[in-house]
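Taking it in order: structure first as structure tokens, then the write-up.
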Amino acid sequence: MQPPYTKDDRNIMKKAAESTQILKNRFRSDYCGLLSPEREHGSVRLAGWVHRKRDHGGLIFIDLRDHTGLSQLVIQPEQQELFAIAEQLHIESVICVEGVVVRRAPGAINPRLASGEIEVVLSQISVESNAQTLPFPVADEVQTSEELRLKYRFIDLRREKIHENIIFRSRLTAAMRRYLEAKDFIEIQTPILTSSSPEGARDFLVPSRLHPGKFYALPQAPQQFKQLLMVSGFPRYFQIAPCFRDEDARADRSPGEFYQLDMEMAFIEQDDLFSILEGMIEHLTTTMSHKRITRFPFPRISYKEVMNRFGTDKPDLRIPLEISDVTPLFVGSAFKVFANSTVEGSCVKALVLKGRGNESRLFYDKAEKRAKELGSGGLAYIQFKEEGPKGPVVKFLSEADLSTLKSHLALENGDVVFFGAGKWAATCKIMGGMRTYFGDLFSLDKDELSFCWIVDFPMFEYNEEAKKIDFSHNPFSMPQGEMEALETMSPLDILAYQYDIVCNGIELSSGAIRNHKPEIMYKAFGIAGYSREEVDLRFGHMIEAFKLGAPPHGGIAPGLDRMVMILCDEQNIREVIAFPMNQQAQDLMMGSPSAVTPVQLKELSLQIDLPKKAEPKP
RNA sequence: GGAGCUGUAGCUCAGUUUGGUUAGAGCGCCUGCCUGUCACGCAGGAGGUCGCGGGUUCGAACCCCGUCAGCUCCGCCA
């Protein structure tokens with residue numbers, strides 16, 4: 001078993017290097033970060049970048065950096081030629097050197113350096129690349145603007161933290177492959193140029209030269225291919241799959257493209273999938289990190305319950321707060337705003353903060369501002385103080401209301417309770433947003449991984465705009481209760497074998513047990529308003545496949561970038577991607593997207609029709 | 001599509017609240033000195049369209065309007 005990866009000792013580069021046999025050639029015989037007193041008196045060749053230089057006039061020290069770490073080089077003035085070269089060296093130049101490893105004098109040992117007990121006295125130096133002044137420093141890891149970092153990504157990637165992140169990502173994917181192959185998973189590549197799918201996110205389109213006017217689409221996920229592989233008789237499939245969705249970026253969402261650990265298995269049920277994935281995550285966590293999984297097996301929470309208790313389908317379970325339903329307490333209340341939310345489809349929710357009843361007015365005002373940003377009209381709250389309840393809505397509540405509330409929520413003096421009222425889904429969402437907002441009041445353990453499964457998603461939902469019933473997730477998910485449920489239950493009550501896996505407030509993946517029975521599929525699409533003919537037209541190839549011998553199957557596709565993010569303690573997904581795009585989906589280094597030549601357009605039978613710019617205001 | 005924050009030297013930032021002399025600091029860069037540093041030290045120097053455009057004013061980094069860029073959030077992401 002590999003030793004646990006800890007961020008504190010920052011030695012992942014060293015470990016990565018140790019697992020590789022060094023290629024000894026004219027450039028190097030050793031790695032900088034791995035040199036130790038064992039090599040004393042040894043003649044070595046090193047190659048790397050000038051990390052720092054300390055020129056004492058009569059003596060020059062160079063910290064040489066390669067991907068394993070640093071070695072201190074010493075150039076003595078007797079070596080006149082060497083000395084002249086070293087004097088002129090710029091930071092971040094690439095040099096190859098020869099020298100002898102010597103033990104440092106006891107007072108000169110640097111305990112902060114892995115190779116700090118030794119140094120290399122140079123006998124030769126050759127400058128492979130003399131670097132000009134860099135746009136930002138590599139050695140001093142000071143915050144630099146995102147724009148510069150992205151424009152000069154190749155320099156940013158020299159910096160220790162992000163360099164380690166990229167190496168960690170490589171090791172993680174390698175560990176995934178080893179684990180899954182040992183579990184009889186087969187890695188299969190699926191097409192990148194495929195066809196546009198009618199559901200889901202916006203597609204990226206690629207014009208076809210051979211078929212003017214027609215387009216390929218980049219896959220949003222290999223969803224249909226992996227299901228077809230099950231029909232082909234491969235028992236377990238996986239792929240580290242690029243996925244393309246033309247949607248706007250977030251801190252945990254790379255614009256345009258991202259990677260999933262895409263998996264699918266035949267002849268399994270939901271519980272089988274859960275235990276397989278839990279096994280893999282447990283293995284990866286214990287072998288690749290020093291983080292702890294809070295509960296194992298992962299807790300399972302139904303969609304309805306998670307919305308009621310946490311106000312989101314991706315809760316951070318480390319936050320010690322839960323939302324309470326207080327709807328029944330306000331039936332017939334004199335406070336009309338709350339009383340009016342006690343009808344079917346609406347609710348009154350409460351969120352208690354213990355011991356925060358005596359904060360400054362600013363505390364509550366800022367909370368209300370956040371609630372309004374989340375779409376709430378306001379944020380009612382009651383501070384329970386020694387001298388009695390206080391807050392903007394107290395005057396609307398009777399003594400009886402207040403005392404029922406106090407006992408129902410086990411409130412004590414010094415506490416504060418926040419309220420949300422209105423339509424169920426919107427109220428849950430706002431209160432969930434407030435729960436996350438107040439989560440900042442607690443110091444959450446970054447080394448705790450609080451995984452959970454969200455299960456029992458509804459199969460259908462009511463689309464208010466279109467005034468019709470829609471699939472709430474993947475139309476290919478199997479309804480719980482199969483055909484009987486579709487035929488006998490009210491559509492909005494039908495649940496699906498559809499699940500999400502969530503960790504610390506980040507959705508890692510959705511997955512489902514698929515619907516492999518054509519008749520159930522026609523019926524499900526029928527409820528969503530699609531005729532048999534329309535289904536055949538849009539998903540004919542899938543239905544056809546399922547008519548020709550399809551096993552029960554299901555899968556999941558955890559987001560790779562997000563997994564790396566969590567394990568590397570990064571708040572932004574760009575920190576775990578070698579060459580990310582900016583928020584506007586541009587690559588500032590490559591300059592993409594970019595214009596193409598008229599010749600290229602003509603070959604593709606395309607014409608550009610730019611939108612007219614809005615007239616500038618006078 | 002909408003909201004917020006940010007933009008001053010190569011880099012990180014102060015200065016903007018209350019408009020007023022030649023816009024500062026640290027790091028980096030250049031020159032000189034320095035034989036045990038490890039964020040080496042010391043002395044000197046260069047380096048600025050205060051994101052851009054317009055306005056108010058005797059006078060704008062500072063106030064107003066517009067605009068551009070980066071980030072964060074909402075919408076969006078089956």
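Each chain gets a letter, A, B and so on, in the order the sequences are listed, and its residues count up from 1.
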Side-chain donor-acceptor pair under 3.5 Å between A:Tyr522 and A:Asp536, yes or no?
yes
Which residues pass the side chain to side chain donor-acceptor pair (under 3.5 Å) test with A:Lys517, not counting sequence neighbours?
A:Glu482
Residues in side-chain contact (heavy atoms from CB on, under 4.5 Å) with A:Lys372, at least two apart?
A:Glu368
side-chain contact (heavy atoms from CB on, under 4.5 Å) partners for A:Ser477, two or more places apart:
A:Asn474, A:Ala496, A:Gln498, A:Ala512
Set of residues satisfying side chain to side chain donor-acceptor pair (under 3.5 Å) with respect to A:Asp587, sequence neighbours excluded
none
Side-chain N or O of A:Arg54 less than 4.0 angstrom from OP1 or OP2 on B:C40?
yes
Would A:His56 count as stacked on B:C34 if the rule is ring centres under 5.5 Å and plane angle under 30°?
no
P atom, B:G2 versus B:G66: distance in rounded Å?
13 Å
Under the ring-ring contact (aromatic ring centres under 6.0 Å, His included) test, residues paired with A:Phe471 that sit two or more places apart:
A:Phe460, A:Phe525
Classify the nucleic acid contact of A:Glu78 as base, sugar-phosphate or nothing, counting any heavy atom under 4.0 Å across all strands shown.
base
Rounded to whole angstrom, note down the P distance from B:G24 over to B:C50.
14 Å
How would you label the contact of A:Arg149 with the nucleic acid (heavy atoms, under 4.0 Å): base, sugar-phosphate, or nothing?
nothing
Does A:Gln480 form a side chain to side chain donor-acceptor pair (under 3.5 Å) with A:Asp456? I'd like the steps, not just the answer.
CA-CA 8 Å; A:Gln480 295 185 20; A:Asp456 297 340; 2.8 Å; yes
Would you say the side-chain atoms of A:His553 and A:Gln227 include a donor-acceptor pair closer than 3.5 Å?
yes
So A:Arg112, base contact, sugar-phosphate only, or nothing? Heavy-atom distance under 4.0 Å.
sugar-phosphate
Residues 69-86 of chain A, side-chain donor-acceptor partners within the protein, below 3.5 Å, at least two apart:
from: A:Ser71; atom 1: OG; to: A:Cys32; atom 2: O; distance (Å): 2.8
from: A:Gln72; atom 1: OE1; to: A:Arg54; atom 2: NH2; distance (Å): 2.8
from: A:Gln72; atom 1: NE2; to: A:Glu119; atom 2: OE1; distance (Å): 2.9
from: A:Gln79; atom 1: NE2; to: A:Leu122; atom 2: O; distance (Å): 3.1

So for atom OH, which belongs to A:Tyr259, do other residues, nucleotides or ligands contribute more than 12 heavy atoms lying within a distance under 6.0 Å?
no
NA contact type, A:Glu146, heavy-atom cut-off 4.0 Å: base, sugar-phosphate, or nothing?
sugar-phosphate
For A:Lys369, does the NZ atom sit with more than 12 other heavy atoms under 6.0 Å from it, leaving out its own atoms?
no
Please tell me if A:Gln72 has a side-chain N or O lying less than 4.0 Å from either OP1 or OP2 of B:G36.
no
Under 3.5 Å, which N/O atoms of the protein pair with N/O atoms of nucleotides 75-78 of chain B?
from: B:G75; atom 1: OP1; to: A:Lys429; atom 2: NZ; distance (Å): 2.7
from: B:G75; atom 1: N7; to: A:Arg250; atom 2: NH2; distance (Å): 2.6
from: B:G75; atom 1: O6; to: A:Arg250; atom 2: NH1; distance (Å): 3.1
from: B:G75; atom 1: O6; to: A:Arg250; atom 2: NH2; distance (Å): 3.1
from: B:G75; atom 1: N1; to: A:Asp248; atom 2: OD2; distance (Å): 2.6
from: B:G75; atom 1: N2; to: A:Asp248; atom 2: OD2; distance (Å): 3.3
from: B:C76; atom 1: O2'; to: A:Glu247; atom 2: OE1; distance (Å): 2.5
from: B:C76; atom 1: O2'; to: A:Glu247; atom 2: OE2; distance (Å): 3.3
from: B:C76; atom 1: O2; to: A:Arg253; atom 2: NH2; distance (Å): 2.9
from: B:C76; atom 1: N3; to: A:Arg253; atom 2: NH1; distance (Å): 3.4
from: B:C76; atom 1: N3; to: A:Arg253; atom 2: NH2; distance (Å): 2.8
from: B:C76; atom 1: N4; to: A:Arg250; atom 2: NH2; distance (Å): 3.4
from: B:C77; atom 1: O2; to: A:Arg253; atom 2: NH1; distance (Å): 2.7
from: B:C77; atom 1: N3; to: A:Arg253; atom 2: NH1; distance (Å): 3.0
from: B:A78; atom 1: OP2; to: A:Arg245; atom 2: NH1; distance (Å): 3.3
from: B:A78; atom 1: O2'; to: A:His473; atom 2: O; distance (Å): 2.8
from: B:A78; atom 1: O2'; to: A:Asn474; atom 2: N; distance (Å): 3.4

Where do N or O atoms of nucleotides 3-8 of chain B meet protein N or O atoms at under 3.5 Å, pair by pair?
none

Distance between P atoms of B:U16 and B:A78 (Å, rounded):
47 Å
Which protein N or O atoms sit under 3.5 Å from an N or O of nucleotides 11-15 of chain B?
from: B:U12; atom 1: OP1; to: A:Ser145; atom 2: N; distance (Å): 2.9

Using the six-membered ring of A:Phe476, assess whether NZ or CZ of A:Arg514 lies under 6.0 Å from its centre and within 45 degrees of the ring axis.
no
Output yes when at least one side-chain N/O atom of A:Asn572 is less than 4.0 Å from OP1 or OP2 of B:U72, else no.
yes
Between protein and nucleic acid, restricted to nucleotides 23-33 of chain B and to nitrogen or oxygen atoms under 3.5 Å apart, what atom pairs and distances do you find?
from: B:C30; atom 1: OP1; to: A:His90; atom 2: NE2; distance (Å): 3.0

Non-neighbouring partners of A:Trp49 that pass side chain to side chain donor-acceptor pair (under 3.5 Å), sequence neighbours left out:
none
Sorted by chain and residue number, the side chain to side chain donor-acceptor pair (under 3.5 Å) partners of A:Tyr237 (sequence neighbours excluded) come out as A:Gln239, A:Asp262
Mind checking if A:Glu119 touches a base, just sugar-phosphate, or nothing, with heavy atoms under 4.0 Å?
base
Report yes if a side-chain nitrogen or oxygen of A:Arg52 is closer than 4.0 Å to either non-bridging phosphate oxygen (OP1 or OP2) of B:C40; otherwise report no.
yes
